[in-house]
Amino acid sequence: RLRKWQERIRTKDAGERNLQFALSEIDRMASALGVPRSVREVASVIYRRALNEDLIRGRSIEGVSTAALYAACRVIYRRALNEDLIRGRSIEGVSTAALYAACRQEGIPRSLDEVADVSRVPQKEIGRTYRYISQELGLELKPVDPKQFVPRFASALQLSEEVQSKATEIIDVSAEQGLLSGKSPTGFAAAAIYAASLLCNEKKTQREVADVAQVTEVTIRNRYQEQIEAMGFR
Amino acid sequence: MTNPADSIEIQNVVASTGIGQELDLEALAEDLPGADFNPDNFPGLVYRTQEPKAAALIFRSGKIVCTGAKSIDDVHEALGIIFEKLRGLQIPVEDDPEITVQNIVSSADLGHNLNLNALAIGLGLEDVEYEPEQFPGLVYRMDEPEVVILLFGSGKIVITGGKRTDDAEEAVEEIVERIEGLGLLG
DNA sequence: AAATTACTTTTAAAAGC
DNA sequence: GCTTTAAAAAGTAATTT
């Protein structure tokens, strides 16, 4: 009976640790991404819900970057595994996916690429975990709107409000004509910003825009051509 | 006015069977020209037939998976070739092993461009996965028939997960009906 | 800058880690 | 969950010419 009691304490300890770790990870990544505190709280709420519904199962720790934190993560993972609490799923993967979901829910999305840059988990697992918790928690998030990337990308490029509203207009018009289906929201936004910068005489090169949006120049070129045509230019 | 169901083409059929006899894959790999066997990577031996074109995974238990065939007839033909090859190697093979179709992958064309954003919301976000940042297709899980449909902006679609030839046809009729009901088909 | 190759998604079975 | 097989869809990306 005493052993059972001790086990319970240990279990509770590990759970607390995991939660603390998950929350500190969310905070660390959110800081690195420049995400406002209000959104960090949403990410925390999503993580807690995932925990409550026992969704942290069946995923393995795969992300490796800093050796020390990875080691700490493994210790926690092993403990949780021994206590039959986590059974597989990675805290980091769920933390990162929760942050990605929170940003989307709050209308200030980060691309999976951007989130992966500050996470210790590979992009592929983040996407997979996101789809999993999104489905299980019934988040029902609408597809990412390319327009939501405009303010952040444009400001990183030091472009004016005028360029931003022009880019937004280009996105609206070309999406209206059915050009958005199946296209990457970041690539679509990047092309519109590039086009708007030309139209407003605040030209940025395709490379500059591509770097900020983390897409290739080829993608910008392809989307740009379609959008210009949709706008009736060319 | 062409019927989308008429555009259905079977692209791949996956089936399983067994010869009811344990196999020494090491020896089989030696005797079967063109066989690929890397037990460190995967427990099955890979053998490809040219006509009809298909790939078979042969396991130690004697169970076989056939994939890549373009029709159910081709699956039977390809497996028939493999059965004969094994018999030629003095390996006893049941008279006509039962062949079970496990999955049929088909493609089709709805004939109109699709607004995937509107479709994701219209079909119901709970049954839909549409993440254009990761994949350009919208993934729709249909209940009846129980298949998964990938829908693309071009109107081209992929139907997979079905076990009967009729599943694809029923699925196309059903998805066309649903999309039309939403007023989202051309 | 165009062409090629390759990877993303879904599905199913097999034996074993 | 992973490993392997094949196939389509269309977008994106990395190489090669």
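A, B, ... follow the sequence lines: proteins, then strands. Residue 1 opens every chain. The figures that follow rest on heavy atoms only: side chains count, while hydrogens, waters and symmetry mates do not. Worth saying up front: this structure is predicted, and the values here are computed from it rather than measured.
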Which one, D/dA10, C/dT11, C/dA15, comes nearest to the side chain of B/F135?
-> D/dA10
Starting at the 5' end of DNA chain C and moving along, which residue's nearest nucleotide shows up first, B/F152 or B/S61?
-> B/F152
Pairs under 3.5 Å (N/O, protein and nucleotides 12-14 of chain D):
unit_1 : atom_1 : unit_2 : atom_2 : d
D/dT12 : OP1    : A/S184 : N      : 3.0
D/dT12 : OP2    : A/R223 : NE     : 3.0
D/dT12 : OP2    : A/R223 : NH2    : 2.5
D/dA13 : OP2    : A/T216 : N      : 3.2
D/dA13 : OP2    : A/T216 : OG1    : 2.9
D/dA13 : OP2    : A/T219 : OG1    : 2.5

Hey, does the side chain of A/R131 come within less than 4.0 Å of C/dT9's phosphate (OP1/OP2), counting only N and O?
-> yes
Any donor-acceptor N or O pair under 3.5 Å, side chains B/S16, B/Q102 = yes
Please determine if a side-chain N or O atom of B/K53 lies less than 4.0 Å away from the OP1 or OP2 oxygen of D/dA6.
-> no
Establish, with yes or no, whether the OP1 or OP2 oxygen of C/dT10 is under 4.0 angstrom from a side-chain nitrogen or oxygen of A/R128.
-> no
Rounded interatomic separation in angstrom, taking CG from B/L57 and P from D/dT3 = 15 Å
Once you apply the 3.5 Å cut-off to both distances, tell me the Watson-Crick or G-U wobble partner of C/dT5, or none.
-> D/dA13
Earlier contact from the 5' end, DNA chain D, for B/F59 and B/K156 | B/F59
Side chain A/S184, main chain B/E133, donor-acceptor under 3.5 Å = no
For DNA chain D, which residues in residues 39-46 of chain B have a heavy atom at a distance below 4.0 Å?
-> B/N41, B/F42
If you look at every strand shown and take non-hydrogen atoms under 4.0 Å, does B/S106 touch a base, only sugar-phosphate, or nothing?
-> nothing
Look at all strands and tell whether B/S154 reaches a base, only sugar-phosphate, or nothing, counting heavy atoms closer than 4.0 Å.
-> sugar-phosphate
Using only side-chain N and O atoms of B/S107, determine if any of them is under 4.0 Å from OP1 or OP2 of D/dA9.
-> no
For B/V158, answer base if it contacts any base atom (sugar-phosphate contacts may also be present), sugar-phosphate if it contacts only those atoms, and nothing otherwise; contact means non-hydrogen atoms under 4.0 Å.
-> base
Of C/dT11, C/dA13, D/dA7, the nucleotide closest to the side chain of B/V14 is C/dA13
B/Y130 (side chain) donor-acceptor with A/G182 (main chain) under 3.5 angstrom | yes
Phosphate OP1/OP2 of C/dT11 contacted by B/K163 side-chain N/O (<4.0 Å) = no
Would a distance-only check, ignoring hydrogens and angles, find a side-chain to backbone donor-acceptor pair under 3.5 Å from B/T49 to B/P52?
-> yes
Which of C/dT10, D/dA7, C/dT8 is nearest the side chain of B/V105? It is D/dA7
Side-chain donor or acceptor of B/N103 paired with backbone N/O of B/G161 under 3.5 Å | yes
Count the heavy atoms of every other residue, nucleotide or ligand shown that sit under 6.0 Å from NZ of B/K85, and state whether that count exceeds 12.
-> no
Is there a donor-acceptor contact under 3.5 Å from the side chain of B/D24 to the main chain of B/E26?
-> yes
Look at the side chain of B/T67 against the base of D/dT5 and say whether a donor-acceptor pair falls under 3.5 Å; ignore hydrogens and angles.
-> no
Scan side-chain atoms only and decide if A/Y194 and A/R223 contain a donor-acceptor pair under the 3.5 Å cut-off.
-> no
Looking only at side chains, do A/R131 and B/Q134 share a donor and an acceptor under 3.5 Å apart?
-> yes
Using the P atom as the reference point in each nucleotide, state the distance between C/dA1 and D/dA9 in Å, no decimals.
-> 28 Å
